[in-house]
There are 2 protein chains.
Amino acid sequence: MALKSESGSNGESNGTVSIGLNAVIVAVTDEEPRLLTVRPSGRLRGQAGKGGRESGALPFGPLDPEKDRTLELGLTRWVREQTNLELGYVEQLYTFGDRDREPRSRSGGRRVLSVGYLALVREGQVAGREETSWRPWYEFFPWEDWRRGRPPLIDAAIEPALDRWVEGGKDPLRRQEHRERADITFGLRGAPWDGERVLERYELLYEAGLVFEARRDSELSSAGEPATGMGGRGEAGLVPGRSMVLDHRRIVATALGRLRGKIRYRPVVFELLPPTFTYLQLQRVVEALAGVRLHKQNFRRLVEKGGLVEGTGQLVSDTGGRPAELFRFRHEVLRERPTPGVGLPGVHS
Amino acid sequence: MALKSESGSNGESNGTVSIGLNAVIVAVTDEEPRLLTVRPSGRLRGQAGKGGRESGALPFGPLDPEKDRTLELGLTRWVREQTNLELGYVEQLYTFGDRDREPRSRSGGRRVLSVGYLALVREGQVAGREETSWRPWYEFFPWEDWRRGRPPLIDAAIEPALDRWVEGGKDPLRRQEHRERADITFGLRGAPWDGERVLERYELLYEAGLVFEARRDSELSSAGEPATGMGGRGEAGLVPGRSMVLDHRRIVATALGRLRGKIRYRPVVFELLPPTFTYLQLQRVVEALAGVRLHKQNFRRLVEKGGLVEGTGQLVSDTGGRPAELFRFRHEVLRERPTPGVGLPGVHS
DNA sequence: GTAATAGTGTCTTTCAGACAGTATGAC
DNA sequence: GTCATACTGTCTGAAAGACACTATTAC
């Protein structure tokens, strides 16, 4: 299920590489965005942190250059084979090609590039394999979930750790640059929080040695001895959050950032909802993705004026209060508006 | 300068591919966005259309998996080697991996994936090689330039051709889908024009057999005989626009669409401008990228309120009228606003 | 009745679009 | 003076944010 295990030809240097396809498969259930993870297998197994922090892995499949006519067809093929999931919405994210992303490459094996994809599936459709599980994605990025207010770990763990990172800069100019970057990416010292900078935040934490993967990678490369002065000391000084194998958490960060941007100008939320839904369901899904609570009435008005949905006349009464009307996505909006998204209104309820 | 020419091992099937790196290098000079093209070489040379429509090619370099630590470093390395250009802003666009994108793959050679990049360089910095030239990118996409109003070729050539394509659909449902798609992507029959759908438009024209590349590819695959009922008849029925080698025009379309989207929420325009500039210069560059004329006063107000620029106090008097003040990018905006872009105001002046 | 959610009305501020107007240079 | 561009002022309508209010269910 994970990385190819044939390791015959090691590094016959004729400019060739292998291609891996990684899928970030997202669904929203119980107001929680989740991604499909698999158990890391083979030599990647042992990479988990010590204190119960077990690594997850993204579903992965190699591209078969002979059979797969397009990358996307290759992806949907092995996802279907492995998980019985039929992917609907699929979008290419990014191609990750750093040499150091894969331990084998460092030890002279063939280099593996991986093309990351984002796929959205409907709530309810769940794969039936036991090695797989749907994990709430904020387990991997606790600092990204602002639905219950500013996450305490930002002030408690991230800001002080970044302060130390800033202070550790070589010269004043460096420190100044670090300060600015930390402030902008994490919204510190009066800078605004930008929900879409998910990748920038993860990469900053990685560079500052504050996520497990950074420590793992520096230990691997310098074989034993602590690297940047932060390695090798268990989990001390790490920011909370479940880690992943290889650079998979980076891929997920890319996916989250992209998705947060996209809901604002393309009607992708509806890929995650059943065909009919109530306004509150819709709002909860958007909130889950955006990671913030939205103003109810304004959200309603925005969606309404945007012409994104239309009522069905049907009511549901399991709301816990007054019955709600069921709505469906208004297909015609595509030919009326250039950018039909949910355009997030103000925060909080 | 173009595709790798070693063709020794043809298709030894062990799941490996070669990686090519393509760069869409953009500059804006004389109010015209331009991209750096090279003369197609080797077996790609003969692909030009007959009627003086000569194909261009993007600068291309192979990834050296041994030497290039990251894809981006590989890209900047060979761009520097080939053109003496030092790339500043570089952004990965997309990875193109269709098997049929490369003639050699179809005839059993090794499959080549290409990773497309967008690079922005400053006006004035121009490469000194003679095989290269800066071509206005609307030569490749004449239907994308609305600065002098709706391009006549949309009504004259594109709409009727798409009508024929719609009519040619197999069943009524197909025709309905085609109609809707054509209307939305090209803003026909009352649908709005969306400047960012550059790729969708090119791909539609390709599928409908209305660009040179479509005809070329179908002729190649069916070796002589006209394919979809439109092949092999010179340039009759083609939509105007300079073609490119392989799928390079698709890559450029991706770049243009991405850039048009990005200027609205990231201050990338300034990568294309000198350090100081007048308001009108800034507006002209934005208009060149967006492909529309903007309302002058409102543009000014938007940029001003956005805090994107600050005055320098200096004046320039070669404006043809009253001297204009020079402005510079306000760096501090990055920590003040989450999405500092130029947020296009209404069309026309 | 209370609690909980669904849905409407409206006030205010901000912002986008469009109009006009004045300022300062070249000729 | 004319012409061309630079820059400012202000009106208007639309949209965003925030508040209050009514409606309909379960208990």
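The sequence lines fix the lettering, A, B, ..., with proteins before strands; numbering per chain opens at 1.
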When the axes are fitted on five pairs at both termini, how much does the helix from C:dG1-D:dC27 to C:dC27-D:dG1 curve, in 10° steps?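 The end-segment axes of the helix from C:dG1-D:dC27 to C:dC27-D:dG1 are tilted 0° relative to each other.
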
Using a 3.5 Å distance criterion without hydrogens, assess whether the side chain of A:R122 forms a donor-acceptor pair with backbone atoms of A:A27.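 No, A:R122 side chain to A:A27 backbone: no donor-acceptor pair under 3.5 Å.
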
[X] side chain: which of [options] is closest?
| X | options | result |
| --- | --- | --- |
| B:Q297 | D:dA6, D:dT8, C:dA6 | D:dT8 |
| B:H295 | C:dA20, C:dA18, C:dG7 | C:dA18 |
| A:K305 | C:dT24, D:dA20, D:dA15 | D:dA15 |
| B:F327 | C:dG17, D:dC7, C:dG25 | D:dC7 |
| A:P323 | C:dG17, D:dT25, C:dA6 | D:dT25 |
| A:L280 | D:dC7, C:dA6, C:dA18 | C:dA6 |

Atom CG of B:L302 and atom C1' of C:dT14: how far apart are they, to the nearest Å?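 Interatomic distance, CG of B:L302 to C1' of C:dT14: 13 Å.
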
d(CG, B:N298; P, C:dA20) in whole Å: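 Nearest whole value for this atom pair: 14 Å.
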
For A:D145 and A:P151, which heavy atoms make the closest approach, and how far apart are they? O-CG, 3.3 Å

Which pair of non-hydrogen atoms, one from B:T185 and one from B:R201, has the smallest distance, and what is that distance?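 Looking at all heavy atoms of both residues, the closest pair is O-NH1, 3.0 Å.
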
Ignoring hydrogens and angles, are the base of C:dG9 and the side chain of A:R301 linked by a donor-acceptor pair under 3.5 Å?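 Per atom types, no contact qualifies.
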
NA contact type, A:S317, heavy-atom cut-off 4.0 Å: base, sugar-phosphate, or nothing? nothing

On DNA chain C, does the nearest nucleotide to B:L315 precede the nearest nucleotide to A:A324 from the 5' side, or the other way round? Give the residue. A:A324

Show me the donor-acceptor pairs within less than 3.5 Å that the side chains of residues 274-282 of chain A make with the rest of the protein, sequence neighbours left out.
{"from": "A:T278", "atom 1": "OG1", "to": "A:L280", "atom 2": "N", "distance (Å)": "3.4"}
{"from": "A:T278", "atom 1": "OG1", "to": "A:Q281", "atom 2": "N", "distance (Å)": "3.1"}
{"from": "A:Q281", "atom 1": "OE1", "to": "A:T278", "atom 2": "N", "distance (Å)": "3.0"}

Please indicate whether A:R337 has more than 12 foreign heavy atoms, meaning atoms of other residues, nucleotides or ligands, lying under 6.0 Å from its CZ.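 Not more than 12 within 6.0 Å, no.
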
Side-chain heavy atoms of B:R330 within contact of B:V309, under 4.5 Å: no

So, applying ring-ring contact (aromatic ring centres under 6.0 Å, His included) with B:W146, which one of B:F186, B:W193, B:Y138 is it? B:W193

5'-most contact on DNA chain D: B:G321 or B:E304, nearest heavy atom basis?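 So the residue in question is B:G321.
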
